[in-house]
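Some notes on the structure that comes next.
Keep in mind that the numbers below use all heavy atoms, side chains included, and drop hydrogens, waters and symmetry copies. Bear in mind that the values here come from a model prediction, so they are computed numbers and not experimental data. Chain naming here is simple, since letters A, B, ... match the order of the sequence lines and numbering starts at 1 in each.
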Amino acid sequence: MSKPSIPKGTRDFGPLEVGKRNFIFDTIRSVFVKYGYQPIETPTMESLSTLTGKYGEEGDKLLFKVLNNGDFLKKADHDALEQKNSVRLIPSIAKRGLRYDLTVPFARFVVMNQNSITFPFKRYQIQPVWRADRPQKGRYQEFYQCDVDVVGSNSLMYEAELVQIYDEAFAKLGIDVTIKINNRKVLFGMAEAAGIADQFMDMTMAIDKLDKIGEDGVKNEMLKRDIPESAIEKILGMMKLSSLDDLETSFQDSETGLKGIEELRTFHKYFDLKESTNTVKFDITLARGLNYYTGCIVEVAANNVQIGSVGGGGRYDDLTGVFGLKGVSGVGVSFGADRIYDVMEELDIFPEEATQGLSLLFIAFDDAAHNYAFDCLNKSRAAGIASELYPAPVKLNKQMKYANARNVPYVALVGSQEMEQNVVALKNMETGDQILVSMEELIKKMS
RNA sequence: GUGAUUGUAGCUCAGUUGGUUAGAGCAUCGGUUUGUGGUACCGAGGGUCGCGGGUUCAAAUCCCGUCUUUCACCCCA
C-alpha cells in the first residue's frame, strides 16, 4: 500500500490550526456584522459558463474543471478530441467548475435573486476558493476568502466604510498594515493625458510592478508593450506626483481622470471623519489585475512581513451586466484568510484563547472514583465548562501526561479521600497549586 | 504555462568515491514511580530511502520518467 498524500497546494488543518483560523474568521466576521453585512453562501461548484471569461485568459487556465459524470467521452466534441485541442474539448466534457473567487458567484447570486433582494444589498461571504496555480509562498490551490460587498449603490460612503472595515479588522487581529488606495479612473486619466488611452491596460500592468522591478523596469516593460517613449516620460512624471492637486493640473484634458480625483476626494470626505489605526495612503501605482474594477481600488499589505497582499478590492460598475442585470454598481473588498494566517504565524501573534479548547480534565484514581468523577463531569458540563474525564483510572503519570498534551489549564483529581468529603482536588496546571473544592465551588470558580 | 529545487522513521535531519544488518535527536510506548505532570535515567517498537523503470556483481547514492515540496517568472489572495 502506498503512503497516502494530499493534492499539491492543499493542506490539512489539525485542531490547533483550525482554532487559529477560526479566530481569524470570528474576528473578521464580527466586524462585518457590526457594519451591517449579512452572510450568504454559494455552491462549491458553479456552471463552467458562469466562470469562464470573467478572469481573463490567464484566469480561465487556472479554473478547476469538474469532469462530467457518466459516459462523458460519448458526448465529447470528437473533432476537438481528435485534434487534441483541449480548450475546445473542455466545454463538451466539463459543464461545472470550482469557484475561483467569491465575487463572480455573488454577482450571479444577485442576478438570480434580484426580485427578493432589497438594495443596497450588503453581504459577506467566507468560503474556500480554488485555483490551479503553481503553489508558492502564500499561494495555495485551495484557500479561504472573506468577502464583503455592497451592490446597488453608487455612494462613495461605502468605499469609506469598507476601508474602515479593513482598518478595524486588522487592528483587531493585531496586524500592522498599510492600506493603499487608488482609482481606476485616475489611472485612465494618466493614460489619456499621455495620449495612450487605447493602451490603458498595458500601462496599468506595467506600473503595477513598480515595487518589484523599479522605475527602469517599468519603463522597459512599457517599451516592450509598444508604448511610445514620449508617453512613457509623461507617465513616469505623473507617477511622482503624490498629491491630488498636482494630478488635477495634469488631467485638465481628461474628463475621466478628473472624475477619479473627485471620487478620491469624496472618499476622504467620509473616511477622514474617523481616526484610523493603520496607514491609509494614496498610491498612484496601485493598479490591480482584475479588469472588472472601474472606480476606487484598494489593496492591503502587511508591514514587517514579506508576503503578497493580504486583501484587496474595489468598485465595479457593471459586474452583474454579464449576467443580464444592467446598472447595478458594486464595491467590495476581500480578506485573504490564509495569508493572514501565515502573517500571524510568522509574527507569532495568535492569542492564547485561539488554541485553547478544553478547560478542565477530570482524573480518577480507581474505578469507584471514576464513576464519581463522571457524575462531577456531568455537573461541570451542565455549567457550560468545556470538560473531559480520562477514560480509565490508569496510572496518574499517564493521565497527567495526557493533560499536558491537551494543554488544559486545570485538572480535577478524584480518589477515595475526595469522595469521602464530597470534593475534588482542583489543580492549576501552570502553577501546580492544588485546592480541595466542592463541585459548586469549582463551577463558581471556573465560570 | 516556463525555469530551477526538494523527497530517508510520526517530525527535524545525518548517511563518505555506488559496497555488510540505513543512523541520530524529538515524539510514541513500556519501566525506574499503584495519590500527582513538564525534568532525569533505562528499555522497546517504528523505514519497499516518494513512486515506477533502467545501468551495475552491488543503488538511499548514478540515469530516465512521474508525483510532491520550495523558489523565481506569469498571474494573483
Side-chain angles (χ1 to χ4, degrees), chain A residues 1-12 14 24 55-63 86-87 99-103 126-147 177 204-205 208-209 212-213 217 221 224 287-291 298-302 306-313 332-343 361-367 369 390 393-419 424-434 436:
Chain A
M1 197 179 74
S2 62
K3 288 181 183 175
S5 64
I6 53 174
K8 77 170 154 196
T10 65
R11 299 167 295 168
D12 275 330
I24 294 173
Y55 309 107
E57 212 175 305
E58 286 297 320
D60 283 356
K61 287 187 202 157
L62 301 182
L63 285 172
S86 307
V87 176
R99 76 170 96 78
Y100 179 90
D101 70 0
L102 300 178
T103 309
I126 299 176
Q127 288 190 279
V129 303
W130 292 267
R131 296 183 189 177
D133 208 353
R134 279 249 184 118
Q136 232 179 85
K137 179 171 181 150
R139 301 176 81 159
Y140 307 99
Q141 294 206 336
E142 177 184 63
F143 60 96
Y144 269 86
Q145 285 191 333
C146 314
D147 273 29
V177 296
T204 54
M205 287 180 97
D208 196 29
K209 294 179 187 165
K212 219 172 211 171
I213 58 180
E221 186 77 24
K224 240 192 297 178
R288 292 191 63 72
L290 293 173
N291 47 23
V298 56
E299 195 164 284
V300 184
Q306 198 64 39
I307 199 163
S309 64
V310 292
V333 297
S334 176
F335 289 74
D338 296 76
R339 283 196 182 167
I340 291 171
Y341 183 101
D342 290 347
V343 167
L361 175 73
F362 286 91
I363 287 178
F365 290 112
D366 52 47
D367 281 324
Y390 196 86
V394 295
K395 274 196 286 193
L396 259 273
N397 190 309
K398 195 174 167 69
Q399 301 197 61
M400 293 299 275
K401 276 186 174 163
Y402 178 77
N404 285 330
R406 288 296 302 269
N407 193 25
V408 63
Y410 286 95
V411 296
L413 298 140
V414 182
S416 50
Q417 294 164 30
E418 285 78 12
M419 283 172 72
V424 299
L426 184 66
K427 186 182 179 76
N428 181 322
M429 289 300 278
E430 208 170 313
T431 62
D433 296 342
Q434 195 169 319
L436 289 176

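If you check every strand for non-hydrogen atoms under 4.0 Å, A:Val411 touches nothing. Backbone-only engagement by A:Gly311 is indicated by non-hydrogen atom pairs under 4.0 Å involving sugar-phosphate atoms exclusively. When heavy atoms are screened at a 4.0 angstrom cut-off, A:Asp133 is found touching base atoms of the nucleic acid.
If you take CG of A:Asp12 and P of B:rG10, they are 16 Å apart, rounded to a whole angstrom. Spacing between atom CG of A:Asp60 and atom C1' of B:rC75 amounts to 13 Å, rounded to whole angstrom units. Regarding A:Gln399, its CD atom lies at a distance of 14 Å from the P atom of B:rU34, rounded to whole Å. Following rounding to the nearest Å, A:Ile213 (CD1) and B:rA72 (P) show an atom-to-atom distance of 16 Å. The CG atom of A:Leu426 sits 18 Å away from the P atom of B:rU36 (whole-angstrom rounding). Between the P atom of B:rA77 and the CD atom of A:Gln127 lies a distance of 17 Å, rounded to the nearest Å. One can place CD of A:Glu57 at 12 Å from P of B:rC75, the figure rounded to the nearest angstrom. What separates CZ of A:Arg339 from P of B:rC75 is a distance of 15 Å, to the nearest Å.
Applying the salt bridge (charged side-chain N to carboxylate O under 4.0 Å, His left out) rule to pairs touching residues 396-405 of chain A yields nothing, sequence neighbours excluded.
Nucleotides B:rA59 and B:rG50, compared at atom C1', are 16 Å apart to the nearest Å. The same atom, C1', is picked in B:rU8 and in B:rG46; the two are 14 Å apart, to the nearest Å. To the nearest whole angstrom, the two P atoms, one in B:rG3 and one in B:rC62, are 23 Å apart. If you take atom P in B:rU5 and the same atom in B:rA40, they sit 41 Å apart, rounded to whole Å. Between B:rU61 and B:rG19, the two P atoms lie 10 Å apart (nearest whole Å). Of the C1' atoms belonging to B:rU12 and B:rU28, the separation is 16 Å, rounded to the nearest Å. The separation of B:rA27 from B:rC42, taken at their P atoms, amounts to 15 Å, rounded to a whole angstrom. Taking atom P on both nucleotides, B:rC64 is separated from B:rC29 by 44 Å, rounded to a whole Å.
Of all the heavy atoms in A:Thr103 and A:Asp101, the pair that sits closest is N-OD1, 3.3 Å. Pairing each heavy atom of A:Val414 with each of A:Phe362, the nearest pair is CG2-CD2, 4.5 Å. Annotation for A:Ala369 and A:Gly415: closest pair CB-CA, 4.0 Å, computed over non-hydrogen atoms. Scanning both residues, A:Lys427 and A:Gly432, for their nearest heavy atoms gives NZ-O, 3.4 Å. Summarising the geometry of A:Thr204 relative to A:Ala287, their closest heavy-atom pair is O-CB, 3.5 Å, with the distance given to 0.1 Å.
Side-chain N or O atoms of A:Asp338 include one that pairs as donor or acceptor with a backbone N or O of A:Tyr144 at under 3.5 Å. In this structure, the side chain of A:Gln399 does not engage the main chain of A:Leu396 through any donor-acceptor pair within 3.5 Å.
The line from CZ of A:Arg131 to NZ of A:Lys61 is 15.5 Å long, rounded to the nearest 0.5 Å. The distance from the NZ atom of A:Lys395 to the CD1 atom of A:Ile363 is 14.5 Å, given to the nearest 0.5 Å.
Candidate nucleotides B:rC75, B:rG35, B:rG37 were compared by shortest atom distance to the side chain of A:Lys427, and B:rG37 ranks first. In the set B:rU36, B:rG37, B:rC75, the nucleotide with an atom closest to the side chain of A:Phe365 is B:rU36. The nucleotide whose nearest atom lies closest to any side-chain atom of A:Arg139 is, among B:rG37, B:rA77, B:rU36, B:rA77.
Ring stacking is absent between A:Phe335 and B:rA77, as the pair misses the limits of under 5.5 Å between centres and under 30 degrees between planes.
Nearest-nucleotide positions on RNA chain B place A:Glu418 closer to the 5' end than the other of A:Glu418 and A:Gly312. Map A:Val408 and A:Ser309 each onto its nearest nucleotide of RNA chain B; the residue landing nearer the 5' end is A:Val408.
Remark: A:Asp133 pairs with A:Arg139 by the salt bridge (Lys or Arg N to Asp or Glu O under 4.0 Å) rule, at least two apart or across chains. Checked against ring pair (Phe, Tyr, Trp, His ring centres under 6.0 Å), A:Tyr341 has the following partners two or more places apart in sequence or in another chain: A:Phe350.
Ring geometry for A:Tyr402 versus A:Tyr390: interplanar angle over 60°, hence perpendicular rather than tilted (30 to 60°).
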Check the interface with nucleotides 65-70 of chain B: list each N/O to N/O pair with the protein under 3.5 Å, or write none.
residue	atom	partner	partner atom	Å
B:rU69	OP1	A:Gly9	N	3.0

Check the interface with nucleotides 25-32 of chain B: list each N/O to N/O pair with the protein under 3.5 Å, or write none.
residue	atom	partner	partner atom	Å
B:rG31	OP1	A:Lys395	NZ	3.3
B:rG31	OP2	A:Lys395	NZ	3.0

Dot-bracket line, read 5' to 3' along RNA chain B, where crossing pairs take [ ] and | marks a partner on another strand, Watson-Crick or G-U under 3.5 Å: ((((..(..((((.....[...)))).(((((.......))))).....(((((..]....))))))..))))....
Could you please spell out the steps behind the side chain to side chain donor-acceptor pair (under 3.5 Å) verdict for A:Ser416 and A:Asp366? CA-CA 8 Å; A:Ser416 50; A:Asp366 52 47; 5.0 Å; no
